[in-house]
Amino acid sequence: MTITSFHPPRRTLMGPGPSDVSDRVLQAMARPTVGHLDPSFVGMMDETKQLLQYVFQTQNELTFAVSAPGSAGMECCFANLIERGDKVIVCQNGVFGGRMKENVERCGGIAVMVQDDWGTAVDPVKVEEALIAHADACLLAFVHAETSTGAQSDAKTLVGLAHKYDCLTIVDAVTSLAGTPLKVDEWGIDAIYSGSQKCLSASPGLSPVSFNQRAADKIQNRTSKVQSWFLDLNLVMGYWGGEGKRAYHHTAPVNCLYGLHESLVIVQEEGLENSWARHHKNHLALRDGLEQLGINFIVPEQDRLPQLNAVTIPEGVDDALVRTRLLNEHDLEIGAGLGSLAGKVWRIGLMGHASSQKNVDFCLNALKLVL
Ligand SMILES: *Cc1c(COP(=O)(O)O)cnc(C)c1O
């Protein structure tokens, strides 16, 4: 048997991620691999850091991309900021809040859960009650854009509450970054992680993160070593931070970083505010078209994410069959429901490069034909 080269089909990716990667980003990834300590590559990493500071809207020195997907950025935040016995208030209104709890506990922390219904935003009143009831908590963790439900939470208010009660914050911005307003410095977010494959439309495999001085101080003042060698920020920073004196820590995924760099250049060219506005505009167009088909959103209007549209599967419709036909007949991927929403919703992504009027029309037409 001879196995030959793999040629994937060309799909339109309108699920919960990865989103469509533009030819421009794919071409950037096809450029020659250089050594990861090559001066030209180090220069590109410095630019990537500046571009990440721009999309996060932060001056944080400790801003870089973890060499692994969003889940590793999540782990990086929790592993570095939590020491054994630390109490962490974790908000859960979907799948990813549950993963935060798992992270807290694996780091030896104690998770205090604040639960909200799936499809709703995190309730700041409940968060304040938890902060008052647990005065010994040192961290508040929540998901800004819950990809499993399409709900957006009020990050600015939640961070303000955490600080009022002397807690630092860990924010999941995997799906929000570049798709919906997010201002790390203005809102005072202490630690944040994202992913390359959602609204940045780079290939999966990198997790932009950023830590402010308060978070960096907590990490530097740890009494115990970070249990993960790979994610220990004290070591990683020697690699990303060292202004020309870059030391070997691990081999960066060189071509993947070319792609992230190009995707960030594209956001910079468009302008971050324009990117947010485009996501909003295309969401409204999709909403209007879906409503005409009698398909309704599960999230109340004011809390909807423009980049992730979770809608109820119409009565009597075969969920898996529709998604299979969209894929086979239209090369269109939309997302299934996750967790307690499995079989009940579809998740239609309009993320990054995939957020266009053309894709809105394409998706609505394909759905019409299949239904
Ligand atoms: C996709 C996603 C993650 C996980 O990112 P991976 O790149 O799949 O590891 C975490 N949180 C949220 C909100 C996400 O949407």
Side-chain angles (χ1 to χ4, degrees), residues 13-21 52 55-56 64-79 90-104 106 116 118-122 141-155 158 169-180 182 184 189 191-210 228 230-231 253 256-257 259-260 263 279 299 303-310 333-342 345-352 354-355:
L13 300 180
M14 297 180 70
S19 61
D20 276 338
V21 179
L52 285 174
V55 292
F56 274 128
F64 66 100
V66 175
S67 299
S71 304
M74 179 187 275
E75 232 160 308
C76 180
C77 290
F78 286 90
V90 177
C91 307
Q92 182 172 19
N93 59 342
V95 166
F96 293 100
R99 290 201 184 168
M100 286 179 150
K101 173 176 192 274
E102 191 63 35
N103 268 274
V104 169
R106 286 177 190 231
D116 279 294
W118 289 36
T120 66
V122 171
F142 66 89
V143 179
H144 184 209
E146 211 359 301
T147 323
S148 63
T149 69
Q152 166 159 224
S153 292
D154 181 352
L158 295 173
T169 47
I170 296 178
V171 178
D172 179 319
V174 175
T175 283
S176 56
L177 187 68
T180 205
L182 169 64
V184 169
I189 292 168
I192 190 162
Y193 60 91
S194 189
S196 49
Q197 79 276 29
K198 311 237 173 163
C199 295
L200 295 176
S201 288
S203 80
L206 290 168
S207 178
V209 294
S210 186
S228 162
F230 185 66
L231 295 173
C256 211
L257 279 161
L260 178 65
S263 74
H279 283 85
V299 177
D303 299 329
R304 281 179 202 161
L305 279 169
Q307 61 275 56
L308 196 286
N309 300 270
E333 176 180 288
I334 66 167
L338 262 192
S340 67
L341 294 175
V345 304
W346 287 320
R347 293 180 300 148
I348 304 175
L350 283 170
M351 296 181 177
S355 176

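Index from 1, following the sequence. Remember, it's 1-based here, ligands and their atoms both numbered in the order they're listed.
Ligand 1 does not have Gly94 within reach: every non-hydrogen atom of the residue lies 4.0 Å or more from it.
Close contacts between ligand 1 and Gln197 involve ligand atoms 6 (P), 7 (O), 8 (O) [criterion: under 4.0 Å to a heavy atom]. Within ligand 1, counting atoms from 1 as listed, the ones closer than 4.0 Å to a heavy atom of Thr147 are 12 (C), 13 (C), 14 (C), 15 (O). Ligand 1 places these atoms under 4.0 Å from at least one heavy atom of Lys198: 1 (C), 2 (C), 14 (C), 15 (O). Annotation for ligand 1: atoms under 4.0 Å from non-hydrogen atoms of Ala145 are 13 (C). Remark: ligand 1 atoms within the under-4.0 Å shell around heavy atoms of Gly70 are 5 (O), 6 (P), 7 (O), 9 (O).
Scanning Thr175, Val143, Thr149, Asp172 for the heavy atom closest to atom 12 (C) of ligand 1 points to Asp172.
The distance criterion of under 3.5 Å between nitrogen or oxygen atoms is not met by Glu146 with respect to ligand 1. Residue Tyr193 has no nitrogen or oxygen atom sitting less than 3.5 Å from a nitrogen or oxygen atom of ligand 1, judged on distance alone.
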Validation: residues 93-101 side-chain donor-acceptor distances under 3.5 Å, sequence neighbours left out:
unit_1	atom_1	unit_2	atom_2	d
Asn93	ND2	Thr120	O	2.8
Lys101	NZ	Glu105	OE2	3.4

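Between the side chain of Asp20 and the backbone N or O of Leu13, at least one donor-acceptor pair lies under 3.5 Å.
Residues Leu305 and Ala151 share a closest heavy-atom pair of CD1-O, 3.7 Å. Here the closest heavy-atom approach between residue Leu308 and residue Gly349 is recorded as CD2-CA, 4.2 Å. Of all heavy-atom pairs between Gln152 and Pro306, the closest is NE2-CD, 4.4 Å.
Distance check, rounded to the nearest 0.5 Å: CZ of Phe64 to OG of Ser210 gives 9.5 Å. Once rounded to the nearest 0.5 Å, the distance linking OG of Ser201 with CE of Met351 reads 9.0 Å.
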